[in-house]
Amino acid sequence: MQLDSLNKAQKEVVLNSEGPMMVLAGAGSGKTRTLVTRISHLLEVKGVSPFQVLALTFSNKAAREMRERIASTVNIDLGALQITTFHSFCARVLRSQANYIGLSKSFTIYDDSESKTIAKSLLAKRGISTKEVSPYEVLGFIDDLKNKGYYPGRDMGPEFENFEDDQMFYEMFLEYESELARSNAVDFGGLITGVLKLFEKHPTVLKTYQERFRYLLVDEYQDTNRCQFELICYLAEKTQNVCVVGDEDQSIYSWRGADINNIFDFEKKFPEAKTYKLEQNYRSSKKIIEAASHVIARNSYRKGKTMWTDNPEGEEIEIIENNSDKDECEFVASKVKELKKAGNTYNEMAVFYRTNSQSRQVEDALRNSNINYRVVGGIKFYDRKEIKDILAYLRLVVNEKDNLALSRIINVPARGIGTTTLRKLENEAIKNNQSLLETLKQMVAAPEEFKHIRITTKVKSAINHFVSLIEELIILKDSGEKPLVLFEKTVNETGYMSFLKAAKTYEAEARLENLEELGNAIAQFESNNENATMDSFLETITLDRTANDEEDTQGEVSLMTIHGSKGLEFKYVFIVGSEENMFPSMRSIEAGEKGLEEERRLFYVAMTRAMVKLYICFAQGRMLYGQLRFNGPSRFISEIPPKYYTWIKAKTGARGGWDTSSSETYGTSSSDDFFADETYDDEVVYQVQSSVIQAKYPQGSSVVHSLYGEGKVTETSGAGEQEKVVIKFNDGAIKKFMVKFAPLELLS
DNA sequence: TCGACGATCGTTTTT
DNA sequence: CGATCGTCGA
């Protein structure tokens with residue numbers, strides 16, 4: 001254990017092993033190292049058994065990393081040490097206590113897309129089109145309840161009584177829940193609420209967990225939702241040995257239910273709690289840290305930390321102004337090449353964007369320059385149709401009650417059991433309070449009882465076939481056959497393989513390859529896990545979607561959304577698309593101050609990933625939804641005091657002209673151009689002052705735009721560099737521009 | 001029962 | 001612009 005390599009605050013965190021503690025750990029402050037050392041200290045010095053420690057994280061990646069690092073510092077068998085995600089932990093608890101909650105051990109975990117399918121069917125049942133009410137609205141409502149820790153029947157206090165407004169939604173929630181129960185299934189949120197319910201309804205069960213886990217640690221605490229908070233409170237109630245580590249400035253998942261209040265409420269719930277701040281940054285240069293600190297200081301909803309670093313001053317941040325989105329990507333590509341030439345490797349560089357859809361252009365530019373790259377978290381293997389189909393078969397085999405799985409594949413490949421038949425069967429199943437497969441089985445056994453639903457003999461024989469197929473697979477599974485064998489049988493016996501082979505299209509070819517890949521994944525799972533079962537494989541892939549293909553031969557530039565970058569670090573970071581309406585996103589701007597603060601945290605996260613050099617790029621004009629937009633640079637750029645950056649016009653159109661020069665004007669102009677009316681102060685943060693400069697295009701003036709032609713100004717706001725206008729063009733189009741960027745000319 | 005075509009609508013997604 | 005979804009037609 002390397003206590004000596006820790007700083008004072010980190011040491012305190014490690015040594016104060018008893019009692020409640022909250023650690024506010026800034027970006028790059030050695031958070032993981034501290035947590036790892038704390039656990040090692042518990043095990044090695046305090047003699048705590050690994051069996052009694054529970055560390056909860058949000059991602060599998062974080063859990064794995066922590067376990068590996070502990071394993072390499074401590075000379076103890078970590079077998080019983082639980083470092084897992086909230087969801088895996090809860091799944092485990094629910095499986096071992098399944099009898100208490102009316103599920104069987106082999107319950108299925110439904111992912112978001114399956115939840116969506118149920119939401120859709122609930123709407124359809126009511127004759128509501130998805131246009132009137134989006135299934136996402138329904139899911140949002142349900143999710144919201146679950147995030148807050150609600151389960152049917154739970155007493156949540158006064159503010160939860162007003163379901164009246166949403167009577168219909170609440171009814172759908174109840175139906176959704178019973179639909180899950182009927183299928184012996186749980187959704188992601190239900191894993192957490194399920195355990196909460198278990199603990200509340202069965203104090204004896206709770207007690208066993210409280211007694212087992214004497215030491216509780218929670219990573220990424222700022223991302224916990226209310227339900228998880230309550231879970232933590234229950235688990236820690238007895239020993240009070242709970243250590244939560246988080247950073248309110250990196251809370252970027254509030255839209256997923258993360259509740260910053262958990263940070264503020266921790267001390268209320270645990271009045272004895274000690275709070276520590278890890279404020280020394282070991283990752284980034286001084287310039288980057290100070291710049292990022294100035295940006296985040298504008299947020300009001302924070303506890304407040306002052307990050308500092310002993311690292312060298314470092315290079316200035318570069319603000320890169322480009323003519324278009326395309327130029328921006330080309331700039332990134334050429335800069336990446338330049339950095340490579342200077343002796344850096346590709347995997348020291350990363351490109352961050354706000355939305356996944358922005359990756360394509362970056363990819364194009366990198367590919368054209370023959371630069372190796374990897375898109376992190378883009379394509380989702382397990383979301384592919386053919387994969388979901390085969391997995392649905394496997395799920396059904398594991399959990400016979402999985403009605404969703406059955407309805408998905410009963411006619412894939414086509415067996416002549418269409419939607420009408422399925423609808424009839426579903427009604428029967430509900431009427432008889434059975435699962436679909438049970439109903440089917442019964443129908444095979446006693447067809448005369450199903451005369452009233454009028455199913456043709458042809459369809460009946462198809463059903464017979466289907467049922468015996470599934471039964472055969474179930475027998476195979478029960479006989480203890482290995483997952484890979486079960487998979488291969490499934491692919492072949494169901495006719496899926498021959499159906500794809502027969503198609504002979506390019507697409508079918510790709511699908512076959514994907515199935516092969518699924519086979520490889522199963523084989524790998526078998527070799528990694530001694531007693532691999534299909535059940536455990538299915539759980540693993542729904543709860544851990546990180547693809548495990550880690551080949552870093554040549555090194556690759558990493559491309560990812562900023563959300564995906566949390567927890568990572570790179571020497572060189574490019575943030576692309578740093579424009580208003582992109583980043584911050586249009587929606588967040590509309591959402592108001594809270595939305596903007598979250599975007600600012602996102603920007604802060606992006607900045608603090610960079611160790612050596614940060615490039616913040618924006619384009620004057622960008623193609624968006626098939627339209628050229630002039631958004632202007634992100635307000636967050638203007639929140640960085642100019643002394644930390646150099647403003648570089650990489651490729652910019654001449655003022656007022658759009659498609660003019662392609663000449664490179666690498667110059668070091670300052671930000672004065674853009675943010676002339678802002679003042680900076682090192683201590684406190686500055687309000688944007690309104691300018692007294694007159695508008696260049698006052699309301700009513702006639703103008704000509706080099707692309708859209710002539711029009712009239714209908715609205716003007718701001719002045720000088722901030723001036724914005726709304727123009728109604730002669731062809732009727734109404735568009736909004738930032739005067740600074742728009743190729744406009746005044747006519748009268 | 002499948003496929004072709006038009007209308008629609010655009011965040012982020014640890015689990 | 002483009003992916004996705006729903007509707008309609010054969």
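Below, read A as the first sequence line, B as the second, and so on, with proteins coming before strands; counting in each chain starts at 1. Just the heavy atoms: all of them, side chains too, but no hydrogens, waters or symmetry mates, feed the values below.
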Worksheet item: Reading nucleotides 10-15 of chain B 5' to 3', which nucleotides get B (base under 4.0 Å from a protein heavy atom), which S (sugar-phosphate only), which -?
Response: BBBBBB
Discussion item. Taking salt bridge (Lys or Arg N to Asp or Glu O under 4.0 Å) as the definition, give me every residue that meets it alongside A:Glu114, ordered by chain and number, with sequence neighbours left out.
Written reply: A:Arg395
Discussion item. If only side-chain N and O atoms count, and only distance matters, is there a donor-acceptor pair under 3.5 Å linking A:Tyr253 with A:Asn225?
Written reply: no
Worksheet item: Excluding sequence neighbours, so at least two apart, what forms side chain to side chain contact (heavy atoms under 4.5 Å, CB included) with A:Thr34?
Response: A:Gln10, A:Val13, A:Val14, A:Leu278
Worksheet item: Between A:Glu220 and A:Gln222, does any side-chain donor sit less than 3.5 Å from a side-chain acceptor?
Response: yes
Discussion item. Given a 3.5 Å cut-off on both pairing distances, which stems involving DNA chain B, each at least three consecutive Watson-Crick or G-U pairs, are present, if any?
Written reply: B:1-10 with C:1-10
Item to complete: Report which part of the nucleic acid A:Ala414 touches: base, sugar-phosphate, or nothing (heavy-atom distance under 4.0 Å, all strands).
Response: sugar-phosphate
Worksheet entry | Separation between the P atoms of B:dT12 and C:dC5, rounded to whole Å | 15 Å
Item to complete: Determine if the base of B:dT8 is syn or anti; take syn to mean the glycosidic torsion is within 90° of 0.
Response: anti
Item to complete: Report the residues that fulfil side chain to side chain contact (heavy atoms under 4.5 Å, CB included) with A:Lys116, sequence neighbours left out, ordered by chain and then residue number.
Response: A:Lys120, A:Pro135, A:Tyr136, A:Leu139
Item to complete: Considering non-hydrogen atoms only, spot the tightest contact between A:Ser251 and A:Asp223 and give its length.
Response: CA-OD1, 4.1 Å
Worksheet item: Do A:Ser359 and A:Asn356 meet the criterion of a side-chain donor-acceptor pair at a distance under 3.5 Å?
Response: no
Worksheet item: How does protein reach along nucleotides 2-10 of chain C, written 5' to 3' as B (base within reach of a heavy atom under 4.0 Å), S (only sugar-phosphate), or - (no contact)?
Response: SS-SS----
Worksheet item: With the threshold set at 4.0 Å, does a side-chain nitrogen-carboxylate oxygen contact exist between A:Glu328 and A:Arg622?
Response: yes
Worksheet item: For A:Asp219, which of A:Lys566, A:Lys61, A:Lys31 qualifies under salt bridge (charged side-chain N to carboxylate O under 4.0 Å, His left out)?
Response: A:Lys31
Worksheet item: Donor-acceptor pair, A:Asn411 side chain versus A:Ile417 backbone, under 3.5 Å?
Response: yes
Discussion item. If I pick the P atom on C:dT4 and the same atom on B:dT13, what distance separates them, to the nearest angstrom?
Written reply: 15 Å
